[in-house]
Amino acid sequence: VDNKGNFSWSKMAAVKASGNANARIYPNPAHDYILISGVSGTAYIFDATGRQVLVKEVAAGSDTKIGIQQLANGIYFVRVNNYQFKFIKR
């Protein structure tokens, strides 16, 4: 709507998502380990304050198991390339 009260419709455009819909982290909540699948690269794990607490390579084409026994209970964030995940350690 413009300042004279006139309006017009915008053109519609299709948007294709480029992400991997199969990327996931499980189990969540977790106790001893997490599994990351659907992505590959370096996984950086951060605690709720933003402090990096673990780094692990994630292999393509398989589930990568990351031990988290040494982490305190709480919320953690995982970044692998452009993907971000959140999990809870109990």
Side-chain angles (χ1 to χ4, degrees):
V1 178
D2 64 17
N3 59 359
K4 295 181 183 177
N6 298 319
F7 68 92
S8 63
W9 296 100
S10 300
K11 293 181 181 180
M12 292 186 67
V15 178
K16 183 177 179 181
S18 61
N20 182 347
N22 296 324
R24 66 186 194 134
I25 186 169
Y26 62 98
N28 194 5
H31 181 60
D32 294 325
Y33 63 89
I34 55 172
L35 292 161
I36 299 176
S37 65
V39 294
S40 64
T42 304
Y44 299 93
I45 301 176
F46 302 90
D47 66 14
T49 67
R51 184 175 58 100
Q52 182 178 304
V53 293
L54 280 173
V55 177
K56 174 89 177 193
E57 287 301 314
V58 177
S62 66
D63 293 355
T64 299
K65 186 175 185 177
I66 300 175
I68 59 168
Q69 303 92 334
Q70 73 278 20
L71 299 179
N73 291 348
I75 297 173
Y76 292 87
F77 301 92
V78 182
R79 188 185 57 185
V80 183
N81 299 325
N82 293 329
Y83 297 94
Q84 288 196 74
F85 307 96
K86 178 174 86 170
F87 73 92
I88 297 171
K89 163 67 163 63
R90 289 195 177 160

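Everything numeric in this text was worked out from a predicted model, so none of it was measured.
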Asks: List the atom pairs, with distances to 0.1 Å, where a side-chain N or O of residues 65-80 and a protein N or O form a donor-acceptor pair under 3.5 Å, not counting sequence neighbours.
Replies:
unit_1, atom_1, unit_2, atom_2, d
Y76, OH, A72, N, 3.3
Y76, OH, A72, O, 2.7

Asks: Can I get a per-line list of side-chain donor-acceptor pairs under 3.5 Å for residues 44-57, giving both atom names and the distance, sequence neighbours left out?
Replies:
unit_1, atom_1, unit_2, atom_2, d
D47, OD1, T49, N, 3.0
D47, OD1, T49, OG1, 2.6
D47, OD1, G50, N, 3.2
D47, OD1, R51, N, 3.0
D47, OD2, T49, OG1, 3.4
D47, OD2, R51, NE, 3.3
D47, OD2, R51, NH2, 3.3
E57, OE1, T42, OG1, 3.4
E57, OE2, T42, OG1, 2.5

Asks: Just verifying a value: how many Å separate I34 CD1 and I88 CD1, rounded to the nearest 0.5 Å?
Replies: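 Nearest 0.5 Å value for the CD1-CD1 distance: 12.5 Å.
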
Asks: Heavy-atom count around Y33 OH within 6.0 Å, excluding the residue itself: above 12?
Replies: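 It does not: Y33 OH has 12 such atoms or fewer within range.
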
Asks: Should F87 and P27 count as side-chain neighbours, where that means a heavy-atom distance under 4.5 Å?
Replies: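 Answer no - side chains too far apart.
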
Asks: Just to verify, what does D63 make a salt bridge (Lys or Arg N to Asp or Glu O under 4.0 Å) with, not counting sequence neighbours?
Replies: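 Once residues adjacent in sequence are excluded, D63 has no partner under the salt bridge (Lys or Arg N to Asp or Glu O under 4.0 Å) criterion.
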
Asks: For a quick test of reading the model, state the closest non-hydrogen atom pair linking G41 to N81 and the distance between them.
Replies: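 G41 and N81 have their closest heavy atoms at CA-ND2, 4.2 Å.
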
Asks: Look at the side chain of N22 and the backbone N and O of S37, then say whether any donor-acceptor pair between them is shorter than 3.5 Å.
Replies: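 Checking the backbone N and O of S37 against the side chain of N22, no donor-acceptor pair under 3.5 Å is found.
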
